[in-house]
A.B. asks: 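Dumping the structure here so I can ask a few things about it.
All values derive from a computational prediction rather than experimental measurement. Throughout, a chain's letter reflects where its sequence line sits, starting with A, and its residues are numbered from 1.
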Amino acid sequence: MDIPYTVSARPDTGLYNAKIGIWLFLASEVMLFGGLFSSYIFLRVGADYHWPVHELNVTLGFINTLVLIASSVTVVMAWASLKLRRIGQFKLYMLITVLCAGVFMVNKTFEYKAKFEHYAVKLTDGTYLTGHLPEGYEIKFGEVGDLTLTVQARTSAIDADPVDYVLPFLAGGEARFKTEDGSEIELNETTFADLREKALAKAATEGKNNAAIKLVPTSPLAFKAKPGKILGYNATTMTFRDGSIATGKLTDDSMVLEVDGVDTRSVPDAEKSLAWNAGYLGDAWKKAFVENRDHHLKAFEEKYGDRRDPKKSATLQKEAFFMHLHSATPEAGHGDDHGEKKAAAGAPAEHGDAHHAHHPVVKIDKKDIAFYSNFTPKLNTYYAIYFTLTGLHGLHVVAGALVLAYFLFMDGRRLRENPEHLANRVEVGGLFWHFVDLVWIFLFPLLYLL
Amino acid sequence: MSATTHDSKQGADHGHDHHEPGFIGKYVFSTDHKIIGVQYAVSGLLFLLLGFFLMLLMRWSIAFPGQEVPGLAFVEKLPLLGPIFHEMIGRWAPGGVVNGELYNMLGAMHGTIMVFLGIVPLGFAGFVNFVMPLQIGTIDMAFPRLNMWSYWLFLVSGIMMLASFFVGTGSVQTGWTMYSPLASTTTLAVTNIWMHGHTWWLLAMVFNISASLLGSVNVITTVINLRAKGMSWMRMPFFCWAMFVTSFLLLLAFPPLEVAALLQLVDRVFGASFFLPTGLMEGGQHLDIAGGGSPLLYQHLFWFLAHPEVYVLILPAFAILAEVIPANTRRPLWGYKSMVYATLTLGFLSFLVWAHHMYLTGMGTMMSTYFQITTVLISVPSVILLTGLMISLWGGSIRFTPQMLFASAFLPMFGIGGLTGLPLAFTFIDLALHDTYYVIGHFHYVVAPGTIFALFAGVYHWYPKITGRYMSDKLGKLHFWPSLLGMNLVFAPMFIQGMGGFHRRWYDGGKYFEQTSGVSNFWTELNSSIFGLFGMEVPNNLLGLNVLMSVGAFILALGQVPFILNVFLSIKGGRKTNSDNPWHCTTLDWATPTPPPHGNFDFEPVVVRGPYEYSVPGIDQDYFPQWEIEPGKAAPVPAGAPASAPAHH
Amino acid sequence: MADSPEEIQKSIRKYLWIGALLILFTIITVALSYVELPTHSLNILVGMIVATFKAALVALIFMHLNHERPLIYKVLAFTTVFALALFMLFIFTSGDPLVFEGF
Ligand code: HEM
Ligand SMILES: [Cu+2]
């Protein structure tokens, strides 16, 4: 029994099944990416920060655009060749298409990787410092004299569980504790379960449904954790995400950053930015910044007079108030961003490790840090939508390439016995591929250029 | 396209070898639309049952907050089932009491399961898969393999949803609407965010949506390209039309929800701020987020799907009733054409009204006026559909089979649901009623005694085609009356409570808010005196109604027992049908052997007339099937035309 | 029908030309994005117009939408309407009257 109209078209609709199917699927894809693009607009219209423009690596994006366009041409050529039964050409074009997909994805990987290693730190006055964290960033806590666990009788979504939430951050000393009744234990799943049960039983007799367990370490402990992994801390206590509290002493919570950019666009008076504090970049860099800023402001004024409002020019704001640092000291600087070309292409150095030695290293006090993140979705809504859109698009590229590769390598029998059917399949796969290209045509300017 | 080819072959796709599939190929990983339909329907029924059970626990907590759920301890002690139940629910209910967290989980999962894993799979996927290819006279769906994938993706999503009860955190707690920012930021403090009920919910939704997309692509393509000869658009049964439009809603409205789920996933797992505004605080602390996002964005994406979704829930009901009612009144469907056009209009408009769920988010007057207008507009086609069905009863000699009982109850019940929706369409009324039990009452009248009754009708109607046996009439009636009573006892008091200001998500049923719940009126007095007759003391205030509603839920639960028995017992024990067309219907689904074999028809169906030719004057039987040129004689296949549905193997 | 062998033969050249045109317009987009128009919104507008033109080339020529069946057009027309609703209404409901500040 065969389903009709898999190869030839139904006379009244003029279409074979798969063609209808793929167009319907594409219609739903339009709504999918439509939803994402309208989220983009919504976020951009409502953004309360300076929306990044030309901040991604334009060259990589441009190359990827060319690659996708080329593959779009080859896939349609592959279909045409198959229709004309030029089998060799068909195979060649399909192969190029699949290879293009590979190149695209490799480029993407480089692009993503650079982002993950690059950080932005928002200071409390709104200044952003960008750069690298050579040592990572961790809160260090020492001389822990006791540990208090709070356990709940009522099970809740987060249960007190020092084994999962506290011990992983142990950075010195052993997890051996004295309990309240004087015995010495090694804290692990079984001993904790024991403690917990006893404490709750005791609490129950007192009519409470939670209990605190106090543990005293046999030797002083040290902890070390990324700030996001714990609930909070102050000079003497560290609170873990399960509610356990360690009492001791904060030893270090400052951040070491190799600064490659200073963005003062959100600071009311850029010259007063925290970044110029003596402990941080200092007066010499401030001088360089002011020079650079005034240079750009003046150039703008000369070019446009008062026909344009400097405050409304996103490009000017970026050139004048977002300084990129290319050297360890301003004196050694090769003239910052003065050259127009450099300023234009000036994505903060993401070109990796080679530059590290050429950046000033500052130690930032925790009290000055409002927020920090690497260049991932967490950093701001722009990067969030950038990763989501391009990630989803990347998945489409992979899926499309797999389908086309299947037609090329695994469908040999159909090619011999029913090439017309294979041509239909290639046409359908190609339609999907063109759609992926079409999405990129919008993605590229929206995310990289505008 | 094809006319050009060098080796143009007609129609068929050669190169398969036709080996007989084994049991697994035939019933488990089947590509046959009928098996898939039954798989969908059975899964859907099971999920409905589960969702209903979750709701019973909730209703207990509402009526008797802080009291032990009877039987819970017993279930926990059962051998095999006990531990499973404990892991799923029991561990959240120390001492057998439903606490706030458990209530929230139950609520969120009840909604999700009912909508996405119950009604859509049964009402849409189940019925459309089984019935539609038969009705349009083809041998299978256009893409049988995709169809199978659709079912299995759906099942994966269902299993993930279920599994989310068992992971450490328990399932989601933020309502079926999953509103951010709450849903983006709650219970994030876990060691592994991937082992979190909320994460599983979001992933399960992505699978569920993919399944719906495959299904709807399949349905639309099949309807467009595989209709039998003579089956022109306007000869297509209304069932197929309604399902066709439903598929478009699924196809085009679901992707934005997928976007919402993805973005929320990114928010939760990678710490992004899509839905989180700048400066958001929780428990007096600034969160470690960038901010800059918008909670409204979530609501837009969600309701862009969720309003069309309510029509996905209701159109299959109309589809089924348009077959059941004419068959049992022996009258043509009244206003077939206007119903078709109404459905198309409804489908179109349903995309343009979603923000009526968001009146309270502070949108400006211009936009809220727009949404009020479209919302009122969309009730016009709804009314046309309902009116069409009602007038179809006129002058009929009605056979009150169980399916007809459910169908006739649907009409007033849906009417109540729809009419109570109208006031909500106006901002000034919605201000008072939003997020109260009134809204819950409104949509439950539409989907519970509405859609679910229609689905029951469908089961009774097509069961003989699937199994070759009737379901029991007696059990059917025993199913119908308690269901009708139970439904109304549960949902009618919601309007009274809602107008009194009851919020829809109080796990203690409003006990804590005495100012609201202490109010009494005529209905509460009636309620408390009726319970008084039975010697039960129920407070004479809005809280007292909770008890009534929970009793209603219990009656409803009992009412389903005959149905379950009926479904299972009739497979082997039901009265045999003595014909392929036991209800004397006119559509092609009744032209096949019973049960329909692989490939469906044993002749090539050719359609010669419209779908609802009942009681046609001048012929001596009261129905005139679509495929007969004169009673009892199928139309001949026109010569020369390429075969659309070849004769059986 | 436009898909006969002769037609396909002819369209092969067309595909190559369109490919070249697409590359040309990509270069134009990149170049234009560095030209500072009076407001950045204008830059966005111009960029989107060029992108839409490119997208139209892909859709019409590569995806054969210049000679497709009416049914496909119908499906796409509805999709476009809904997608537009998705774009416009989200934004219109977020502020009344509308102010575009972010651009
Ligand atoms: C007849 C025309 C209808 C109108 C005018 C209407 C109007 C409304 C309005 C304005 C709301 C929002 C109330 C609020 O949240 O404050 C609402 C909620 C709802 N309606 Fe309808 N409705 C209609 C038909 C339906 C149908 C046919 C269904 C389902 C099959 C349905 C299902 C729902 C659901 C599920 C909700 C609540 C969703 C939630 O907040 O969780 N409605 N309706
Ligand atoms: Cu709605």
A.B. asks: Could you measure the distance from the OH atom of A/Y5 to the CG atom of B/L226? Nearest 0.5 Å is fine.
C.D. replies: 8.0 Å
A.B. asks: From A/T13 OG1 over to B/R227 CZ, what is the distance, rounded to the nearest 0.5 angstrom?
C.D. replies: 8.0 Å
A.B. asks: Are A/N380 and B/S273 close enough that some pair of their side-chain heavy atoms sits under 4.5 Å apart?
C.D. replies: no
A.B. asks: Enter the distance from A/D164:CG to B/N192:CG here, rounded to the nearest 0.5 Å.
C.D. replies: 9.5 Å
A.B. asks: Report which part of A/I22 has an atom under 4.5 Å of a heavy atom belonging to chain B: side chain, backbone, both, or neither.
C.D. replies: neither
A.B. asks: I'd like to know which of A/S38, A/A384, A/S373 tops the heavy-atom pair count under 4.5 Å against chain B.
C.D. replies: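 Option with the top pair count is A/A384.
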A.B. asks: Is any side-chain heavy atom of B/F274 closer than 4.5 Å to a side-chain heavy atom of A/I385?
C.D. replies: yes
A.B. asks: If we count only N and O atoms by modelled type, under 3.5 Å, do the side chains of B/T221 and A/N17 hold a donor and an acceptor together?
C.D. replies: no
A.B. asks: For A/L379, which atoms come within 4.5 Å of any heavy atom of chain B: side chain, backbone, both, or neither?
C.D. replies: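 Only the backbone of A/L379 comes within 4.5 Å of chain B.
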A.B. asks: Counting neighbours of CD on B/E87 that are heavy atoms of other residues, nucleotides or ligands and sit closer than 6.0 Å, is the number greater than 12?
C.D. replies: yes
A.B. asks: Could you grab the distance from atom CD of A/E29 to atom CG of B/L252, nearest 0.5 Å is fine?
C.D. replies: 12.0 Å
A.B. asks: Under 4.5 Å heavy-atom distance to chain A, tell me which part of B/M105 shows up: side chain, backbone, both or neither.
C.D. replies: neither
A.B. asks: The test is side-chain contact (heavy atoms from CB on, under 4.5 Å); show your working for A/L15 and B/I224 and say whether it passes.
C.D. replies: CA-CA 10 Å; A/L15 295 160; B/I224 289 178; 5.9 Å; no
A.B. asks: Walk me through whether B/F254 and A/S28 qualify under side-chain contact (heavy atoms from CB on, under 4.5 Å).
C.D. replies: CA-CA 8 Å; B/F254 254 117; A/S28 98; over 6 Å; no
A.B. asks: Roughly how far apart are A/F42 CZ and B/H300 NE2, rounded to 0.5 Å?
C.D. replies: 5.0 Å
A.B. asks: What distance do B/N218 atom CG and A/L24 atom CG have between them, rounded to the nearest 0.5 Å?
C.D. replies: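 Going from the CG atom of B/N218 to the CG atom of A/L24 covers 10.0 Å.
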A.B. asks: If you count heavy-atom pairs within less than 4.5 Å of chain A, which of B/L213, B/D140, B/I289, B/L262 leads?
C.D. replies: B/I289
A.B. asks: Considering only heavy atoms, which portion of B/L301 lies under 4.5 Å from any heavy atom of chain A: side chain, backbone, both, or neither?
C.D. replies: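 B/L301 touches chain A through side-chain heavy atoms alone.
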A.B. asks: Write down the atom of A/L32, the atom of B/V259, and the distance for their closest heavy-atom approach.
C.D. replies: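 It is O-CG2, 3.3 Å.
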A.B. asks: By a 4.5 Å heavy-atom criterion (distance strictly below it), what part of B/P277 contacts chain A: side chain, backbone, both, or neither?
C.D. replies: neither
A.B. asks: Please state whether the side chain, the backbone, both or neither of B/L257 comes within less than 4.5 Å of a heavy atom of chain A.
C.D. replies: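 Neither the backbone nor the side chain of B/L257 comes within 4.5 Å of chain A.
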A.B. asks: Heavy-atom count around A/K366 NZ within 6.0 Å, excluding the residue itself: above 12?
C.D. replies: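 Yes, NZ of A/K366 has more than 12 neighbouring heavy atoms, counting only those of other groups under 6.0 Å.
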A.B. asks: Quick one: closest heavy-atom pair of A/S39 and B/L263, and the distance?
C.D. replies: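 What the structure gives for the nearest pair is OG-CD1, 3.9 Å.
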A.B. asks: Could you tell me whether the side chain of B/F304 reaches within less than 4.5 Å of the side chain of A/M31, counting heavy atoms only?
C.D. replies: yes
A.B. asks: If I measure from the heavy atoms of chain B, does A/T376 come under 4.5 Å with its side chain, its backbone, both, or neither?
C.D. replies: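 Answer is neither: A/T376 stays 4.5 Å or more from chain B.
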A.B. asks: Which atoms of B/L251 are under 4.5 Å from chain A, going by heavy atoms: the side chain, the backbone, both sets, or neither?
C.D. replies: both
A.B. asks: side-chain contact (heavy atoms from CB on, under 4.5 Å), that's the test. Do A/I3 and B/F143 meet it? Break it down for me.
C.D. replies: CA-CA 8 Å; A/I3 312 284; B/F143 312 109; over 6 Å; no
A.B. asks: Measure B/V266 against the heavy atoms of chain A and call it side chain, backbone, both or neither at under 4.5 Å.
C.D. replies: side chain
A.B. asks: At their closest point, which heavy atom of A/K378 faces which heavy atom of B/A290, and how far apart are they?
C.D. replies: O-CB, 3.4 Å
